Amino acid sequence: MFEARNLVCRSGFFQPLIGRIGQTLLNNISGPRLGPVTVLDAGCGEGSQLAQLADVWKRGTPAGFLGAGLDLSKEGVAIAAREYAGFIWCVGDLARSPFQDQSFDVVLNVLSASNYGEFSRLLRKDGMLIKVIPGSGHLCQLRHALYDDRSPRQAYSNEKTRALFMRHFDMLDERQIRYDVALQEELLEPLVRMTPLSWGVRDEQIQQALQLAIREVTADFTMLVGRAKIR
Ligand SMILES: C[S@@+](CC[C@H](N)C(=O)[O-])C[C@H]1O[C@@H](n2cnc3c(N)ncnc32)[C@H](O)[C@@H]1O
């Protein structure tokens, strides 16, 4: 799954999203700094998003970037360590991370589980949490191909996740990032394999979806930017 995800990520699938996150960092963490910006990617998967974010940062400012990625999956972190040098990669549970209090300017949490108490502990006083959740249109073409119209998985709402975020963090910014991605033929199967949408779906159904030869998919995300309420 992570090899498939790495293939899709490298093709630039998340580039507009990462560009937007990078811009948020550049706009909010500015001025002369004594040290590099410190970023934890909590639920980093195969690591490409943190590596791409560091590139956006370095193109925008001479300030340094110290990035750490944490994921429960040994396989994901092994790919990250193999592919992207110059970061701290770490296998662990984001509910009990091995970092000291107030170690980070930014916690990034993309399409992954959260632990708001732990994120608050890890963030510096003015630190920011950037959480990305799928929007209702995310990969809608795959949803239609994989589920029948009566399936509850056909529709998706991120309202509960958003409400939970706001219980723990003050919202500084919220925006939708939506774009269409032209899909090269060889990327359809890795895309289907990398997404939790295909989990629990029979292989026969996946094969049928692949036969549809989908050539364009919608990426639809909501980016939540917040500051911890309680420290
Ligand atoms: C859908 S993937 C997203 C990965 C990456 N952020 C991306 O978008 O490519 C969700 C990730 O969260 C990780 N994850 C889930 N629960 C976790 C936990 N408690 N601690 C650390 N990582 C966790 C999974 O191992 C998986 O890599």
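Just the heavy atoms: all of them, side chains too, but no hydrogens, waters or symmetry mates, feed the values below. If you read the sequence from its start, that first residue is 1, and numbering goes on from there. These numbers were taken from a predicted model, which means no experiment stands behind them.
- The side chain to side chain contact (heavy atoms under 4.5 Å, CB included) check on Arg96 picks up nothing, with sequence neighbours excluded.
- Residues forming a side chain to side chain contact (heavy atoms under 4.5 Å, CB included) with Ala95 (at least two apart in sequence, or on another chain): Asp93, Asn115.
- Judged by distance alone, the side chain of Gln52 and the main-chain N or O of Cys9 form a donor-acceptor pair under 3.5 Å.
- Of the candidates Leu164, Asn109, Thr161, Leu94, Asn109 is the only one forming a side-chain contact (heavy atoms from CB on, under 4.5 Å) with Ser114.
- Not a single donor-acceptor pair under 3.5 Å links the side chain of Arg178 to the backbone N or O of Thr218.
- Shown here are the side chain to side chain contact (heavy atoms under 4.5 Å, CB included) partners of Thr222, two or more places apart in sequence or in another chain: Ile133, Asn158, Glu174, Leu224.
- Judged by distance alone, the side chain of Arg124 and the main-chain N or O of Ser103 form a donor-acceptor pair under 3.5 Å.
- The closest donor-acceptor contact from the side chain of Trp57 to the backbone of Gly64 lies under 3.5 Å.
- Here the side chain of Glu46 pairs no donor or acceptor atom with the backbone of Ala80 at under 3.5 angstrom.
- Annotation: the span from Phe104 atom CZ to Thr38 atom OG1 amounts to 6.5 Å, rounded to 0.5 Å.
- The residues Arg10 and Glu83 are annotated as salt-bridged, a charged nitrogen and a carboxylate oxygen being separated by less than 4.0 angstrom.
- Between Glu3 and Arg82 there is a salt bridge, since at least one side-chain N of the basic residue sits less than 4.0 Å from a carboxylate O of the acidic one.
- Between Val91 and Leu72, the closest side-chain pair of non-hydrogen atoms is not below 4.5 Å.
- Counted by atom type alone, Thr24 and Arg175 present zero donor-acceptor pairs between their side chains at under 3.5 Å.
- Formation of a donor-acceptor pair under 3.5 Å by the Glu118 side chain with backbone atoms of Ser97 is found in this model.
- Of all the heavy atoms in Glu185 and Arg215, the pair that sits closest is CG-NH2, 3.0 Å.
- More than 12 heavy atoms of other residues, nucleotides or ligands lie within 6.0 Å of CD in Glu186, so this atom counts as buried by the packing criterion.
- For the pair Tyr179 (side chain) and Phe13 (backbone), a donor-acceptor distance under 3.5 Å is present.
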Under the side chain to side chain contact (heavy atoms under 4.5 Å, CB included) criterion, do Leu142 and Leu191 qualify, and how do the steps go?
CA-CA 9 Å; Leu142 296 190; Leu191 182 72; 4.0 Å; yes
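- Exactly one of Asp173, Val107, Val106 qualifies for a side-chain contact (heavy atoms from CB on, under 4.5 Å) with Met128. That residue is Val106.
- Partner of Leu108 under the side-chain contact (heavy atoms from CB on, under 4.5 Å) criterion, chosen from Ile18, Ile21, Leu40: Ile21.
- Taking the six-membered ring where the residue is Trp, Phe14 and Phe221 present tilted rings, their angle falling between 30° and 60°.
- Other residues, nucleotides and ligands contribute at most 12 non-hydrogen atoms within 6.0 Å of the CD atom of Gln100.
- A side-chain donor-acceptor contact under 3.5 Å links Arg121 to the backbone of Phe99.
- Asp41 places no side-chain N or O within donor-acceptor distance of the main-chain N or O of Gly69, the cut-off being under 3.5 Å.
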Show the numbers, then the answer: is there a salt bridge (Lys or Arg N to Asp or Glu O under 4.0 Å) between Arg193 and Asp203?
CA-CA 11 Å; Arg193 301 274 175 208; Asp203 209 52; 3.4 Å; yes
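- Ion pair Asp170/Lys229 flagged as a salt bridge, since at least one NZ, NE, NH1 or NH2 atom sits closer than 4.0 Å to an Asp/Glu carboxylate oxygen.
- For Asp71 (side chain) and Gly45 (main-chain N/O), a donor-acceptor pair under 3.5 Å exists by modelled atom type.
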